[in-house]
Amino acid sequence: MLMHSFTKREKIVIFVLAIALVIGFYFIVIHYPVKTRLEEIAIEKTEVEDETTISMAVLENYKKMKDELEEILAMPEDKLTFMPEFDNVETLTLYFNTVFAGTAPNLSFSSASIDGNIASRTISFNFTAGSYQEAKNILTLLTGSGFRCLMQNVTISPTEGDVAHNELRVSGNIVFYELVK
């Protein structure tokens with residue numbers, strides 16, 4: 001029995017089974033692991049591309065901020081402004097005493113409105129100036145405090161007659177911004 005001769009039919013069946021085993025072995029050992037690894041590599045590639053895109057966006061934002069900072073630092077020192085810490089009313093009041101020296105201003109401080117970490121405080125003002133140049137100087141000092149601010153709704157009108165030769169009534173709003181920590 002050890003030396004059994006296989007018939008042609010048995011040889012064909014064994015040959016087909018051997019080919020099926022080789023094909024099965026190929027799929028189990030080579031094809032599926034390679035296919036799985038290629039899928040993993042594709043996922044990793046997508047993740048790396050996403051991280052690269054995010055990094056490029058962060059780099060662009062960094063460059064933009066750096067350019068803005070360099071532009072700010074290149075400005076003359078009298079044009080630089082900053083946001084003081086919240087609540088800056090006392091400092092503003094002392095500054096206004098200097099700005100409006102010699103006039104009797106009517107100042108109205110609104111309560112601060114807070115949006116995120118920025119507080120904005122609107123101050124309404126009106127005063128009488130002896131001349132247009134005096135009004136212009138006061139408004140220049142008012143916006144040149146060094147604090148971040150925005151002048152709004154400024155009205156200049158003569159008390160009587162024309163602007164060039166009479167006292168002027170000046171009114172408006174200025175918004176000061178403060179940093180809330």
*Atom pair SG/OH of C149 and Y177 - distance to nearest 0.5 Å*: 9.0 Å
*Would you say E49 has more than 12 foreign heavy atoms packed within less than 6.0 Å of its CD?*
yes
*Any side-chain hydrogen bond (donor to acceptor under 3.5 Å, both in side chains) involving residues 25-47? Give me the pairs, sequence neighbours left out, ordered by first then second residue.*
R37-E40
*Mind jotting down which residue pairs meet the salt bridge (charged side-chain N to carboxylate O under 4.0 Å, His left out) criterion with at least one end in residues 107-127? Sequence neighbours excluded, please.*
D87-R121, R121-E178
_I want to check something: taking the side chain as every heavy atom from C-beta on, are I118 and L179 in contact at a cut-off of under 4.5 Å?_
yes
In residues 56-67, what donor-acceptor pairs under 3.5 Å come from side-chain atoms, sequence neighbours left out?
none

*How would you list, by chain and number, every residue that makes a side chain to side chain contact (heavy atoms under 4.5 Å, CB included) with I19, sequence neighbours excluded?*
F15, I23
Can you give me every donor-acceptor pair (side chain of residues 135-142, partner residue at least two apart or in another chain, under 3.5 Å) with its distance?
unit_1 : atom_1 : unit_2 : atom_2 : d
N137   : OD1    : Q133   : NE2    : 3.1
N137   : ND2    : Q133   : O      : 3.4
T140   : OG1    : K136   : O      : 2.8

*Roughly how far, to the nearest 0.5 Å, is the CG atom of L92 from the CG atom of N97?*
11.0 Å
*Interatomic distance, T155 atom OG1 to L168 atom CG [nearest 0.5 angstrom]*: 12.0 Å
*Heavy-atom closest contact (G116 atom, I114 atom, distance)*: O-CG2, 3.6 Å
*Taking the side chain as every heavy atom from C-beta outward, state whether F109 and T93 have any pair of such atoms under 4.5 Å apart.*
yes
*For residues 98-112, which residue pairs qualify under side-chain hydrogen bond (donor to acceptor under 3.5 Å, both in side chains), counting only residues two or more places apart or in two chains?*
none
*asked:* Nearest 0.5 Å, please: how far is CZ in F125 from CE in M151?
replied: 4.5 Å
*asked:* Could you measure the distance from the CD atom of E10 to the OG atom of S5? Nearest 0.5 Å is fine.
replied: 9.5 Å
*asked:* Starting from I14, can I reach F25 by hopping between I/L/V/M/F/W/Y residues whose side chains sit under 4.5 Å apart?
replied: no
_Would you say V22 ends up clustered with I30 if hydrophobic residues are merged whenever their side chains have heavy atoms under 4.5 Å apart, either directly or through other cluster members?_
no
